[in-house]
Amino acid sequence: MNKIKISGFVILSFVLVYIALGIGQAWINPFFPASAMEQTILWELRIPRLLIAFAVGGLLALAGSWFQVLLGNPLAEPYVLGVAGSAASGAILMLMMAAGSVWLMSAGAFAGALVGIVIVMAFVHLGTGRLLLAGVVLAAFWGAFITLLLALMPEHDISVAFAWMMGDLSDSDIPVAVLLIVWVIALVYGLFLSRSLDALLLGEKHATMLGVDVPKLRRVLLLLASFVTAIAVTAAGTIGFVGLVIPHLMRLVFGSLHRMVLPASAIGGGLLLMLADAASRSVIAPAELPVGVLTAMIGVPVFLWLLLKKT
Amino acid sequence: MKVGRHVFEIRGLSLVRGSRELFRGLNVEAVAGSVIAIIGPNGAGKSSLLMALAGMLEPVAGDCVIQDQAVGGYSKAELATFVAWQGELPPTEFGLTVEQRLNLAGTGDVDSFQHVIKEMDIDALLLRNLAELSSGERQRVEIASVMLRDCPLWLFDEPTSHLDLQHQVTCMKMFRTEAQKERVIVTVLHDIQQAASVADQVILIDGKGGAECGDVKAMMKAEKLESLFNVKLTTVVLDDGEVHLPDYH
């Protein structure tokens with residue numbers, strides 16, 4: 001059964017990659033580009049950009065699945081809980097103070113993400129309702145904070161604002177290769193933790209009794225989720241709901257164990273964001289939609305449906 | 001009861017939960033092959049005693065010693081090889097199936113897995129989602145998860161509270177046979193008949209700061225239980241011992 005599902009997933013992945021490469025302002029057959037021009041567009045524009053989308057989407061989905069275990073709540077996600085917003089705030093703050101350095105921006109995003117998660121964690125024990133409410137309010141706060149920072153920026157640039165607030169894959173500050181390496185490291189490290197993550201699905205006490213050092217695992221997850229969120233946000237701004245929709249979908253298909261959920265999410269998140277990006281380039285071509293608009297259009301109904309289903 | 005090696009020892013244990021003292025000065029010696037029942041009113045500290053034995057609650061005084069070392073001195077991973085615990089039902093939000101939940105408890109041994117799911121009557125439930133089960137079914141899954149772990153000490157927190165009569169009996173019989181395998185089984189029970197028939201030793205926690213451990217015959221006396229629970233009991237003498245029935249009038 002699992003073999004059939006995995007084969008299906010792999011085939012579907014190839015089809016989706018084919019489609020994502022092909023669509024755009026003009027259709028290009030990825031196997032047989034019709035002209036040298038198309039070849040150039042394919043290799044120098046579409047492929048690098050889709051690789052960025054793939055890595056960022058995968059990282060967001062991984063971060064989402066870690067958030068969900070860390071907070072013991074399947075509705076947790078960096079964007080919904082305002083952590084993407086706090087990471088973006090940190091990044092923009094660093095951008096203003098130390099213009100130009102991608103690594104300082106990433107460090108700012110990391111610090112921002114950590115602050116965001118720590119605040120959110122104070123609400124975990126109050127149950128899903130208050131956790132999500134706190135997340136919504138925090139997201140609004142960070143949104144306002146980003147707007148404030150942008151208003152204070154010397155060259156007030158509306159497109160920069162859009163990039164940070166709605167996600168933009170056209171120009172990553174972090175090189176594609178670095179993103180892909182982080183994707184691999186995050187996935188491998190996640191798999192290394194998968195047995196402990198599975199145990200944590202049973203709750204803190206059961207996990208402890210199965211030999212998991214829960215406080216240590218929480219610290220590791222906290223840092224890991226912050227790091228991955230920070231990288232994704234620095235590369236592409238705040239893109240919502242990938243981390244929510246994908247792990248949920250993968251659990252439905254492959255079950256809850258992390259040795260399946262993590263790789264499937266890392267790939268599935270990547271594919272979803274590739275498709276969303278391809279669509280955002282095509283819908284109103286030659287203009288582009290911010291990719292976060294599309295993921296929100298898909299993600300919000302799914303999120304609401306999950307909320308309805310839970311009660 | 002076969003007298004074997006010590007599995008654990010509780011020395012002068014005092015526990016506090018929040019700002020409330022649960023009990024003080026409890027002493028227990030547990031030898032392999034015995035079943036120990038914990039009895040007492042709600043909120044007296046029965047579950048907390050299990051937590052202390054499992055290393056999840058730090059005592060304010062005294063020690064729980066497993067194999068010559070205080071529980072607090074072991075890492076969680078080491079402790080997991082000694083102790084298995086059945087307590088609260090795990091959350092269902094993440095959609096684990098019964099089989100996945102059991103696999104998380106460990107053991108790759110197919111034979112013992114088959115034996116356990118048969119004994120707990122959950123073989124037909126394996127592919128079901130935990131969220132779809134009744135509380136009794138979920139409790140059987142939790143009991144099975146402990147049985148899958150070949151540890152010298154098994155802790156059960158009201159294992160029969162949701163079980164029907166058939167499965168209550170199964171569970172009590174299982175305690176007797178499993179204890180023979182050089183284990184100690186410590187179980188919180190509310191049913192004094194079950195405690196009297198399955199336990200070798202009984203720990204009484206009175207909810208007023210007192211706790212004592214003794215042989216089942218000495219502890220399950222009508223006077224003791226009447227004052228412990230503040231009820232009237234009628235004692236019926238049978239061929240193989242006494243039964244205490246509560247008076248509902």
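The sequence lines fix the lettering, A, B, ..., with proteins before strands; numbering per chain opens at 1.
The closest side-chain heavy-atom distance from A/Met209 to B/Val83 is below 4.5 Å.
The candidate with the highest count of non-hydrogen atom pairs below 4.5 Å against chain A, out of B/Leu130, B/Thr97, B/Leu96, is B/Leu96. Options B/Ala54, B/Ala131, B/Gly87, B/Gly55 differ in how many heavy-atom pairs under 4.5 Å they form with chain A, and the most are formed by B/Ala54.
The closest donor-acceptor contact from the side chain of A/His206 to the backbone of B/Ala105 lies at 3.5 Å or more, if one exists at all.
Contacts of B/Glu99 with chain A are absent, with no heavy-atom separation under 4.5 Å from either backbone or side chain. For chain A, no part of B/Gln86 is nearby; none of its heavy atoms comes within less than 4.5 Å. The contact between B/Leu104 and chain A is made by backbone and side chain atoms together, counting heavy-atom distances below 4.5 Å.
Considering NZ of A/Lys205 and CD of B/Glu88, their distance stands at 4.0 Å, rounded to 0.5 Å.
Each of A/Leu210, A/Val212, A/Thr208 was checked for a side-chain contact (heavy atoms from CB on, under 4.5 Å) with B/Lys76, and the lone residue meeting it is A/Thr208.
When all heavy atoms are compared, the tightest approach of B/Gln100 to A/Gly255 is NE2-CA, 3.8 Å. Closest approach of B/Phe94 and A/Gln68 over heavy atoms only: CZ-O, 3.2 Å. Shown here for B/Pro91 and A/Leu202, the closest heavy-atom pair between the two residues is CD-O, 3.3 Å. B/Asn103 and A/Arg195 get closest at one heavy-atom pair: O-NH2, 3.0 Å.
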